[in-house]
2 protein chains.
Amino acid sequence: MIYTVGEAAKVLDVAPSTIRYYDKEGLLPFVERSGGGIRVFKEKDFDWLLIIECLKKSGLQIKDIKRFIDMALKGDETIDERLELFQNQRKKVIKQMEELQQTLDTLDYKCWYYETAKQAGTTAVHDHLSVEDIPEHLRSAKENLDRLHRRG
Amino acid sequence: MIYTVGEAAKVLDVAPSTIRYYDKEGLLPFVERSGGGIRVFKEKDFDWLLIIECLKKSGLQIKDIKRFIDMALKGDETIDERLELFQNQRKKVIKQMEELQQTLDTLDYKCWYYETAKQAGTTAVHDHLSVEDIPEHLRSAKENLDRLHRRG
DNA sequence: CCTTGACTTAAAGTTCACTTTAAGTTGTAT
DNA sequence: ATACAACTTAAAGTGAACTTTAAGTCAAGG
């Protein structure tokens with residue numbers, strides 16, 4: 001089974017121009033062409049594209065993905081470097097998830113804040129609330145928002 | 001305790017130009033000025049800045065954060081809208097975390113892939129591996145990478 | 001009073017990742 | 001043979017979020 005750029009784009013749910021852009025940036029040196037110069041995507045090309053997608057989602061920039069592609073094409077002599085790259089991206093993603101969890105905690109607190117305000121008809125209900133009035137699982141998020149007040 | 005833009009920037013660990021940019025975009029209408037026109041940040045301003053930071057980390061664009069600020073300044077009549085905004089951002093962040101978890105699973109598989117290749121001295125070890133050779137917790141990530149092969 | 005570092009603004013510049021445009025070519029279907 | 005959709009490229013354009021520059025002002029210390 002072979003695919004044109006438009007068909008490959010549909011499979012991957014991206015714009016054809018995105019794939020052409022990646023190619024132009026040197027991310028797809030393995031994609032072959034027809035006699036007339038049209039890109040011909042094969043099954044194995046999707047393996048590459050999915051790894052590119054993964055690296056992109058992990059926050060790697062296009063130019064650094066290109067460096068990975070270049071490494072991979074060099075063969076076994078770059079195994080160590082490539083392992084290191086994936087280990088680094090793994091750590092970065094774990095950090096991102098921790099930060100997102102913090103953001104989620106704050107959003108949870110704010111949802112409770114506005115639910116409470118909605119019931120009372122005013123945000124002023126929060127003016128005289130003490131720590132015990134805040135649901136336990138939201139207290140650390142609230143303290144985090146307050147942390148800058150206990151500075152200096 | 002009051003702060004200049006440079007001092008506030010240090011507390012929040014951002015560039016002073018970033019804060020000025022936010023102000024220009026209408027995110028900081030509550031920040032007062034000295035007689036000479038210099039921004040004066042007070043404790044309560046940091047409450048706003050932390051919420052702005054949270055919304056930004058949740059993926060909200062500057063122009064939409066501005067809309068939230070405008071809403072908040074309108075007072076109690078916008079409580080419902082603001083609640084909805086935070087509930088939406090909460091859902092978006094949960095989705096982002098799920099996607100990041102998928103990315104992490106793929107990275108975990110790739111780390112194992114290169115660790116194994118490193119020990120063998122070649123990525124060719126993977127050519128004749130069967131499913132049972134892949135650690136159980138990595139199999140779904142591997143299948144995910146292979147999913148496009150079982151198409152059509 | 002004067003120096004000096006940090007502040008002010010408007011406007012231009014940067015980076016990233018695409019997307020769009022324009023002009024032309026390929027390949028399939030009738 | 002011809003029409004037509006989808007392909008090709010280079011180059012220009014977009015949008016988001018800042019950052020930098022330039023020219024000038026403020027305010028605290030000596």
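In what follows, chains carry the letters A, B, and so on, assigned in the order in which the sequence lines appear, proteins first and then strands, with residues in each chain numbered from 1. Note: hydrogens, waters and symmetry copies are ignored here, and every other heavy atom, side chains too, is used.
- Nearer the 5' end of DNA chain C, as judged by each residue's closest nucleotide, is the contact made by B/E7, out of B/E7 and B/K24.
- The interatomic distance linking A/K63 (NZ) with C/dC16 (C1') rounds to 9 Å, in whole Å.
- Atom pair A/E25:CD and C/dT15:P shows a separation of 14 Å (rounding to whole Å applied).
- Rounded to an integer number of Å, the gap from B/L60 CG to D/dA17 C1' is 14 Å.
- Not a single donor-acceptor pair under 3.5 Å links the side chain of B/T18 to the backbone N or O of B/V14.
- The distance between atom NZ of B/K57 and atom P of D/dA17, rounded to the nearest whole Å, is 16 Å.
- Nearest nucleotide to the A/R39 side chain, out of D/dT19, D/dT9, C/dT19: D/dT9.
- Under 3.5 Å, the side chains of A/E84 and A/N88 contain no donor-acceptor pair of N or O atoms.
- Spacing between atom NZ of B/K66 and atom P of D/dA17 amounts to 14 Å, rounded to whole angstrom units.
- Taking atom CZ on A/F41 and atom P on D/dT8, their separation rounds to 8 Å, with Å as the unit.
- Closest to the side chain of A/T18, out of C/dC7, C/dT19, D/dC7, is C/dT19.
- Taking every side-chain heavy atom of B/Y21 into account, D/dT19 is the closest of C/dC18, C/dT8, D/dT19.
- Residue-level contact check: B/T4 touches the backbone only, with heavy atoms under 4.0 Å from sugar-phosphate atoms and none from bases.
- Whole-Å rounding puts the A/L28 CG to D/dC7 P distance at 15 Å.
- Between A/I19 atom CD1 and C/dA17 atom P the separation is 17 Å, expressed in whole Å.
- A salt bridge does not link B/E143 with B/R147: none of the charged nitrogens is closer than 4.0 Å to a carboxylate oxygen.
- A donor-acceptor contact closer than 3.5 angstrom links the side chains of B/D47 and A/H149.
- The side chain of A/I38 lies closest to C/dG27, out of D/dA27, D/dA16, C/dG27.
- B/Y113 and B/K118 form no side-chain donor-acceptor contact under 3.5 Å, judged by distance and modelled atom types alone.
- Here the side chain of A/Q61 is nearest to one of D/dA16, C/dA17, C/dC7, namely C/dA17.
- OP1 or OP2 of D/dA17 has not a single side-chain nitrogen or oxygen of B/R20 nearer than 4.0 Å.
- Using a 4.0 Å cut-off, no side-chain N or O of A/S34 falls inside it from OP1 or OP2 of C/dT26.
- The side chain of B/Y22 has D/dC18 as its nearest neighbour among D/dC18, D/dA27, C/dT19.
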